[in-house]
Engineer: 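Handing you a structure now.
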Amino acid sequence: GTNYVVSFNGEAYATIDAAVADGMVARIGTYGYASLAEALAAAEAEDVVVLQTDTTIGTLILSDSFTLDLNGNTITSNILFVNGDPDSVITANISNGAINATTYGILVYNNVELNVSNVDIYGGDTGIYVPVTVNNITATKSTAVNVEGGSVRGGSAGSVLCGIGDSDATATSLVATDTLFAGGTFGITGNGTAHNTYIELNNCTVVGGDATPEDGITGDGVGIYHPQAGELVVNGGSITGVSSGIEVRAGTVTINDADITATATEFSAVNNGNGTTITGAAIAVSQHTTNLPIDVTVNGGTISGVKAVYEVDLENDEATDLIVVTLNDGVYNGGVYSENCTQFVSGGQYQDELDDSYFAPGFDMQLNDDGMYEVVSVAKNLEAQADVRNFAATLGISWSQLEKDAEGEDPDGLATAAIEAYNAIYSAVGAEAISVARLDAMDAVAAYADQSNSELTTAKKTAVAEIRQYAAASTGGTGEDNK
């Protein structure tokens, strides 16, 4: 065996600390290097470069696959640039430490798979930047960014993701789990001219605006700005922005049990051909000048803002038929407004009463014990009401006459009672309650029918008596011969 832990500059060292004290910055196995750049340049595809101390570099450009264990240390740099190869995927693995950069924490470009685990990344401009063009050269292959744990922060944006626009190519992607994204303007953003992206956030925290003031990240930002044709899936976690939690101007967005918040205290909507348009909406849906399809679905979570959801076309009204909003569940603390969508609500609890046109067929809202308007299925209620009307018809009752009687004098109150019992079916919640309300309404209709039949019998007898009296007077007899 050997009697050293690491060799560095031709010397053998019994401890890592001793080698670091003499200038070692990184190592591969038992071989030390005086700089991170030297170690990465020497590394083979299967090697792991281990950083041994905090280090400061300028712009580090990497064009080959590598694995870097920061080992709890920090890289301070201008840019860490992973420059891909359109002919062969470059795989970059970075873990366990921190990167602080004056511009971009990590810039990833053209056919790269970047895997980041438990790294706190900060860029004066952007934490992780995936551009479509570098030095006037446009990427031809998509890039995949996978982040687990840690944080991605930037003075302007936590992450910027630009697709290469080729709808037949694999989407440029960002998939993150248990990660914080924060930026003064955007927590995460795409680009309205760089399409074909995929973003998946699993239990992440995304903040746009006054997120972490100790880092100097301030502003009236948006949690996520999505102006491109692409897909965004939010599974749990929270998205918070000052202006809006999420503003969608193109693409498909699905929210599953996430908390979406806009902290602005006032609402405004202003058209903008290049940027955000809404302030004060947790989820803002605003058609772009690009007139691309928009499809937003909320399957649960807490949505909070002056407006919880706000949909509008501020540009030219040319593509309103391409806007789809679906609210299946969730708690909505704030108003809900849609300029162009109808029949899009089938579940959830709402602070404010909704416009009737918003409900999907078979749904309505009821005020619950918590003071929220809860959307419920009324299909069974409507079926029960139809049963009552059919029952009335079998008794010979005209429903329109019943309604007229209820609106009139109704001296015995039986018509009014029947209508009130019928209406109570609609408000009943649960199969048992609906069944009881249905039976109560049938009893009330039967009582009205009995009264109507009794009145009809009496009226017939009176009419017959009057006819007989008239006949008797005409013939001078009793009328018995004219039976």
Engineer: I99 versus L70: any side-chain heavy-atom pair under 4.5 Å?
Structural biologist: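 A side-chain contact under 4.5 Å exists here.
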
Engineer: Below 4.5 Å, heavy atoms only, C-beta onward: do E339 and Q287 meet side chain to side chain?
Structural biologist: no

Engineer: Report yes if some heavy atom in the side chain of N111 is under 4.5 Å from a heavy atom in the side chain of D87; otherwise report no.
Structural biologist: no

Engineer: What is the minimum heavy-atom distance between A281 and S244, and which atoms define it?
Structural biologist: O-CB, 2.9 Å

Engineer: Identify the heavy atoms of V134 and Y109 that sit nearest to each other, and give their distance.
Structural biologist: CG2-CD1, 3.5 Å

Engineer: Do the ring planes of F186 and Y225 sit parallel (below 30°), tilted (30 to 60°) or perpendicular (above 60°)?
Structural biologist: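 Judged by the thresholds at 30° and 60°, the geometry between F186 and Y225 is parallel.
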
Engineer: Identify the two heavy atoms, one from G245 and one from I239, that lie closest to each other, and give their separation to 0.1 Å.
Structural biologist: O-CG2, 3.3 Å

Engineer: Using every non-hydrogen atom in the two residues, find where E374 and Q349 come nearest and quote the distance to one decimal.
Structural biologist: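 Here E374 and Q349 meet closest at CG-CG, 4.1 Å.
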
Engineer: Which heavy-atom pair separates L161 from I199 by the least distance, and what is that distance?
Structural biologist: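 The pair with the smallest heavy-atom distance is CD2-CG1, 3.6 Å.
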
Engineer: Restricting to non-hydrogen atoms, name the atom on V147 and the atom on G149 that form the minimum distance, rounded to 0.1 Å.
Structural biologist: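 Reported closest heavy-atom pair: CG1-O, 3.9 Å.
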
Engineer: Just wondering, more than 12 heavy atoms not from N274 lying within 6.0 Å of its CG?
Structural biologist: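 No, the 6.0 Å shell around CG holds no more than 12 heavy atoms from other groups.
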
Engineer: If we only count heavy atoms from C-beta on, is the E266 to V306 side-chain gap below 4.5 Å?
Structural biologist: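 SC-SC contact between E266 and V306 ruled out.
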
Engineer: Determine whether V345 and F363 make a side-chain contact, defined as any pair of heavy atoms from C-beta on separated by less than 4.5 Å.
Structural biologist: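 In short, these two side chains do not touch, never coming nearer than 4.5 Å.
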
Engineer: Could you walk me through whether V336 and D352 pass the side-chain contact (heavy atoms from CB on, under 4.5 Å) test, one step at a time?
Structural biologist: CA-CA 8 Å; V336 172; D352 298 336; over 6 Å; no

Engineer: Just say parallel, tilted or perpendicular for the rings of Y350 and Y332, cut-offs at 30° and 60°.
Structural biologist: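 Parallel.
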
